[in-house]
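Here the structure comes first, spelled out in structure tokens, and everything after it is commentary.
Labels below follow one simple rule: chain letters A, B, ... track the order of the sequence lines, proteins then strands, and each chain is numbered from 1. The structure presented is a predicted model; accordingly, all values stated were derived computationally and were not measured.
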Amino acid sequence: GNSVTQMEGPVTLSEEAFLTINCTYTATGYPSLFWYVQYPGEGLQLLLKATKADDKGSNKGFEATYRKETTSFHLEKGSVQVSDSAVYFCALSGGPFGNEKLTFGTGTRLTIIP
Amino acid sequence: DTGVSQDPRHKITKRGQNVTFRCDPISEHNRLYWYRQTLGQGPEFLTYFQNEAQLEKSRLLSDRFSAERPKGSFSTLEIQRTEQGDSAMYLCASSLGTGSWELFFGEGSRLTVL
């Protein structure tokens, strides 16, 4: 079955540091890949997505590239801010349109120190 | 606020009691999903509806769990004869339907079974 392995946290960085959160997946077929973020006291929100190999998703300075050869979808940001402190979830969808059930990783808690 | 709303936000109950959670999706969203999240884990899929039709149920959804979406709008998730292992955050999400990538999540209903 489908599964997502995500870099364990928590991760603590200083403001303006470079961020990488690793995510690898196992899936049959050609899944779509997502990063969701949960800010304190809020529901999960879609951060970015990629629907096919070599696609790059980007939003709010974050980027992730769908690497089929390494089955990875690592999240990166060049310069983090205190406001980026949140829990980040990597997820995949087995459906053709992304609107099917999602399989999530365990989440990585990120704390940015001023 | 026109986001996904869930009620109650927190429910404390004794083992063996029944509980019901309600989810109001974003209006005009055809699909509605229920997930369960335990501490330190990512959300796990439970079930989803296309309008009023329940299209898929996870094996996690034992006979004690039942979900409905009677008029294709709000949904309820009932847990009968609660057990301590049912303690978790129950998340609801909605989406526009086929062709839509993004799930919009509510803030969740936290269940504590004593």
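- Heavy atoms closer than 4.5 Å to chain A are found in the side chain of E56(B), but not in its backbone.
- Heavy-atom contacts from other residues, nucleotides or ligands closer than 6.0 Å to CD of E28(B) number 12 or fewer.
- Remark: E8(A) CD is loosely packed, at most 12 non-hydrogen atoms of other residues, nucleotides or ligands lying under 6.0 Å away.
- The two residues F89(A) and Q41(B) come nearest to each other via the heavy atoms CE2-O, 4.1 Å.
- For Q6(B), no part sits under 4.5 Å from any heavy atom of chain A, backbone or side chain.
- Atom CZ of F105(B) sits about 11.0 Å away from atom CD of Q45(A), to the nearest 0.5 Å.
- At a threshold of 4.5 Å between side-chain heavy atoms, the hydrophobic network of Ile, Leu, Val, Met, Phe, Trp and Tyr places L77(B) and F45(B) in two separate groups.
- In this structure, the side chains of L44(A) and P43(B) come closer than 4.5 Å at one or more pairs of heavy atoms.
- The same ILVMFWY cluster, assembled from side-chain heavy atoms under 4.5 Å apart, contains both V87(A) and M89(B).
- Taken to the nearest 0.5 Å, the CG atom of L103(B) stands 9.0 Å off from the CG atom of L46(A).
- Residues M7(A) and V37(A) fall within the same hydrophobic cluster, defined by Ile, Leu, Val, Met, Phe, Trp and Tyr side chains chained together at heavy-atom separations under 4.5 Å.
- Across all non-hydrogen atoms, the minimal contact from E107(B) to E42(A) is CG-C, 4.3 Å.
- Two rings, from Y35(B) and F104(A), have their centers less than 6.0 Å apart.
- Taking hydrophobic clusters as Ile, Leu, Val, Met, Phe, Trp and Tyr residues chained together by side-chain heavy-atom distances below 4.5 Å, Y88(A) does not share a cluster with I113(A).
- The structure places CD of Q38(A) at 7.5 Å from CG of L91(B), a figure rounded to the nearest 0.5 Å.
- In the hydrophobic clustering of this structure, I12(B) does not group with V19(B); members are Ile, Leu, Val, Met, Phe, Trp, Tyr whose side-chain heavy atoms approach within less than 4.5 Å, directly or through other members.
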